[in-house]
There are 2 protein chains.
Amino acid sequence: MAITMADVAKRAGVSKSTVSQYLNKRYEYMSQETRVKVEAAINDLGYQPNHVARSLKQKRTSMVGIIVGNIMHRYSTEVCRSLEDYFNEHEMNAIICNADNDPEKERKYIEMLRAKQVDGLIIFPTGQNVELYKSMLKTGYPVVLMDRKVKGIIAPSVVVNNREATMRAVEHLIEKGHKKIAIVTESLTISTRLERKQGYMDALKENNIPIIEEYMISTEIKSMGSELDNLFSLQDPPTALVAGNDLVFLEVLKFAKASRIKIGEQLGLVVFDNIPFADLVNPSVTTISQPSQEMGLKAAELLLKQINKEEVNPKDTVFSCELFIRESTKTSFE
Amino acid sequence: MAITMADVAKRAGVSKSTVSQYLNKRYEYMSQETRVKVEAAINDLGYQPNHVARSLKQKRTSMVGIIVGNIMHRYSTEVCRSLEDYFNEHEMNAIICNADNDPEKERKYIEMLRAKQVDGLIIFPTGQNVELYKSMLKTGYPVVLMDRKVKGIIAPSVVVNNREATMRAVEHLIEKGHKKIAIVTESLTISTRLERKQGYMDALKENNIPIIEEYMISTEIKSMGSELDNLFSLQDPPTALVAGNDLVFLEVLKFAKASRIKIGEQLGLVVFDNIPFADLVNPSVTTISQPSQEMGLKAAELLLKQINKEEVNPKDTVFSCELFIRESTKTSFE
DNA sequence: TTGTAGGCGTTATCAG
DNA sequence: CTGATAACGCCTACAA
């Protein structure tokens, strides 16, 4: 059914190789005449080259895989958008897969994508498939790790300074007079969450504020509501809170609304993540914002370099977050 | 460098076809013995089948393309997520491309993806490449149109009842006593925007409220701020407003904040789109919500059926939106 | 039950 | 400048 090079060749009265030459723009040694003939034949027939066949021959598919932790984070969407833009500018396609932070899914996707011969992979790693990561790196397969670090893995990766950024945010709360500060994150299965919690603790320590176990919640989204309930039922509830990401923020909002806790007035709030409406909601919310676009760009560059066999340092590229102070931390506490 | 079937065959002491049999699970006519040998060889060598070669032979890549209008809409992200889930459950991959509502980009992506031999395409059409859509449909290439209708095109598509849903929202505003209602959309290049505006006008007409040109703004995002400025500088400014999608909503919020217009009190607001924080912000916002997940599912099913050569009606599947009434339209006007 | 041969649509090499 | 011819890695008759 589909038209192939052979059809074009026949119609133009030349050989397949000539058509191939034409398609690959190697006109140098081609007569004006045959060039026109081939061009006409292609147009007449509506011929479209078959990229699969080309890929088989060239061992290059011009496709990359992106395995994202959870696409429902605004940050992930932004990074994907940035990656996709970059690759498309370079005539490549991105296959985006959503691993849902599930190591099994991640493994399956990595295998699927490699079977499809993608030229490289950008992974938001769950951190659990260490052997698999290692084997890819060892064989020199192009990989860039994104957002998270993996213990024991040395690879080109693009991350942010989670610990320092959280420290800075907590210090901001402390400057506002807060002493009873809580942190809420998802389960501590992923490096970013650990680092953010660490930054929280380090900031308290440096300021000689005691660390209270009950102020640190790390649990899955669906039990976060009841944990927050517990937190604010304490005899001495916190006056400020750090939300570990945007989904946590949503739970906090939900809880605050239900419990009639006034954010910004009764409760200082900092959110670690990008939120499109952060400065527009009421009260506007103080956020730690990650440079998603630059990060996507950097990761894409790192991957493309590897694909093009350029040398790439297997090192972390660390981006800095920005603290946007807004109304949710406006009130000073004594 | 990569291990091929030939390597496995040699190692197992059998022929390539036997290995192929094994891989395709045609064990029936295979001795237990060779089966074990092949299995061992595959494991020893860490053989991974090459999907590109298989695709070339089978004329099926198990990949589909998704060309989305603008991924930065929450709704688009949700649909993509749903599509991606479905296809991955069916052992297929989705290539997501962001056309930015640009017909040229759209055309380029369609051609790129077809060259890559994707088994089918889900398109949020810009509506401008009519001939291209037609040629795909005529040749029976699997296509599902999503979100928007295209004049003159009969194709399987998945849309919502934009006109009726907007009418209902405007009626709600009228019930609240509003008579001076404005609508703000992006430029009227896309069917959804037209239909929403039409619904707005129809609702006014049915309620004998005059249609005022100055109350209808349709412009690109970047000049929306100044248009809103004009709107609210009118001698008789509106008391309520319909935002045509989530990005418009953002502009409205921005403007309201800057102008100190109190949404919900001074200005009734309905947003046509899915917004994650709609019920949590202050004031919570009345939205017309689209069933993104079901729509994704439906579109994916329609595409997969076509890919599997099942008959599919080239008709619109119309989903209903839901109006969630919240605080931004709480106040009654006289 | 297993092997041989040919083909899928390109590209690459090398004569002519 | 152009055309055979042989890959690329897998699948599928058909033969043995």
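None of these values were measured; they are calculated from a predicted model. Sequence lines set the chain letters: A, B, ... in the order given, protein chains first and strands last, and positions in each chain run from 1.
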Looking at the side chain of A:Ser15, which of C:dT11, C:dT10, D:dG3 is the nearest nucleotide?
D:dG3
What is the distance from NZ of B:Lys116 to P of C:dT10, rounded to the nearest Å?
15 Å
Interatomic distance where CD1 belongs to A:Ile3 and C1' belongs to C:dT10 [whole Å]:
16 Å
Using a 4.0 Å heavy-atom cut-off across all strands, classify B:Val52 as base, sugar-phosphate, or nothing.
nothing
Looking across every strand, which nucleic acid part, if any, lies under 4.0 Å from A:Lys16 by heavy atom: base, sugar-phosphate, or nothing?
base
Which nucleotide, C:dC8, D:dT2, C:dT11, lies nearest any side-chain atom of A:Thr18?
D:dT2
With a cut-off of less than 4.0 Å, is there a side-chain N or O of B:Asn50 near OP1 or OP2 of D:dC8?
no
Roughly, in whole Å, what's the span from CD in B:Gln58 to P in C:dG9?
14 Å
First encountered from the 5' end of DNA chain C, between B:Gly13 and B:Lys57:
B:Gly13
Quick one: label B:Met30 by what it contacts on the DNA or RNA (base, sugar-phosphate, nothing), any heavy atom closer than 4.0 Å.
sugar-phosphate
Roughly how far apart are A:Leu113 CG and A:Ile110 CD1, rounded to 0.5 Å?
8.5 Å
Report yes if a side-chain nitrogen or oxygen of B:Tyr47 is closer than 4.0 Å to either non-bridging phosphate oxygen (OP1 or OP2) of D:dC10; otherwise report no.
yes
With a non-hydrogen cut-off below 4.0 angstrom, is A:Ser31 in contact with a base, only sugar-phosphate, or nothing?
sugar-phosphate
Using a distance-only test with no angle check, is there a side-chain donor-acceptor pair under 3.5 angstrom linking A:Thr126 and A:Asn101?
no
Heavy-atom check, side chain of B:His51 versus side chain of B:Ser62, under 4.5 Å:
yes
Give one of base, sugar-phosphate or nothing for B:Thr34, where a contact means two heavy atoms less than 4.0 Å apart.
sugar-phosphate
Ion pair B:Arg107/B:Glu111, N-O distance below 4.0 Å:
yes
For atom CG of B:Asp7 and atom P of D:dC8, their distance in whole Å
11 Å
Tell me the interatomic distance from B:Gln21, atom CD, to D:dG9, atom P, rounded to whole angstroms.
21 Å
In whole angstroms, the gap separating P of C:dT11 from NZ of A:Lys59 amounts to 15 Å
Write down the distance between OH (B:Tyr22) and P (D:dC11), rounded to a whole number of angstrom.
14 Å
Reported CD-to-OH distance for the pair B:Gln293 and B:Tyr86, which is rounded to 0.5 angstrom
13.5 Å
Separation of atom CZ in B:Arg54 from atom C1' in D:dT12, rounded to whole Å:
13 Å
Side chain of A:Ser17 only, heavy atoms from C-beta on: which candidate in C:dG3, D:dG9, D:dG3 is closest?
D:dG3
